[in-house]
Amino acid sequence: MSFQSRERLTIEQDLFATPAAAAKAARLPLRLRIAVAVAVWRERTTARRCLARMDARSLRDAGISPAAAAYESGKPFWRAMGTLR
């Protein structure tokens, strides 16, 4: 049995959710912004790899269509995660 959170990425949500938050993030030191971006990219890569490994039954239990899973798992790491519905 597997667990998949329906919550968005915490780092991404905190830093890039609104234009005001994006402006706030722009004031962060460059080193920290790079570290956050790399962490978000790694999380997306991990999530997409897990999604690609899920079988049809697990996808159905999560309410995700196989076509949506294939589309999402084929996206590059720098593109944001979709809704999968």
Show your reasoning for whether side-chain contact (heavy atoms from CB on, under 4.5 Å) applies to Val36 and Leu28. CA-CA 10 Å; Val36 168; Leu28 294 174; 5.6 Å; no

To the closest 0.5 Å, what do you measure between OG1 (Thr83) and CD1 (Ile64)? 10.0 Å

Quick one: do Val38 and Leu30 end up in the same hydrophobic cluster if we chain Ile, Leu, Val, Met, Phe, Trp and Tyr together by side-chain heavy atoms under 4.5 Å apart? yes

Atom pair CZ/CZ of Arg42 and Phe77 - distance to nearest 0.5 Å: 12.0 Å

Exactly one of Glu43, Lys75, Glu72 should register a side chain to side chain contact (heavy atoms under 4.5 Å, CB included) with Met81. Which one does? Glu72

Is the closest side-chain donor-acceptor distance between Ser58 and Asp55 under 3.5 Å? yes

Can you name the nearest heavy-atom pair linking Leu59 to Ala69, along with the distance? CD2-CB, 3.7 Å

At their closest point, which heavy atom of Tyr71 faces which heavy atom of Arg79, and how far apart are they? OH-NH2, 4.2 Å

Flag, side chain of Arg49 to backbone of Arg44, donor-acceptor distance under 3.5 Å: no

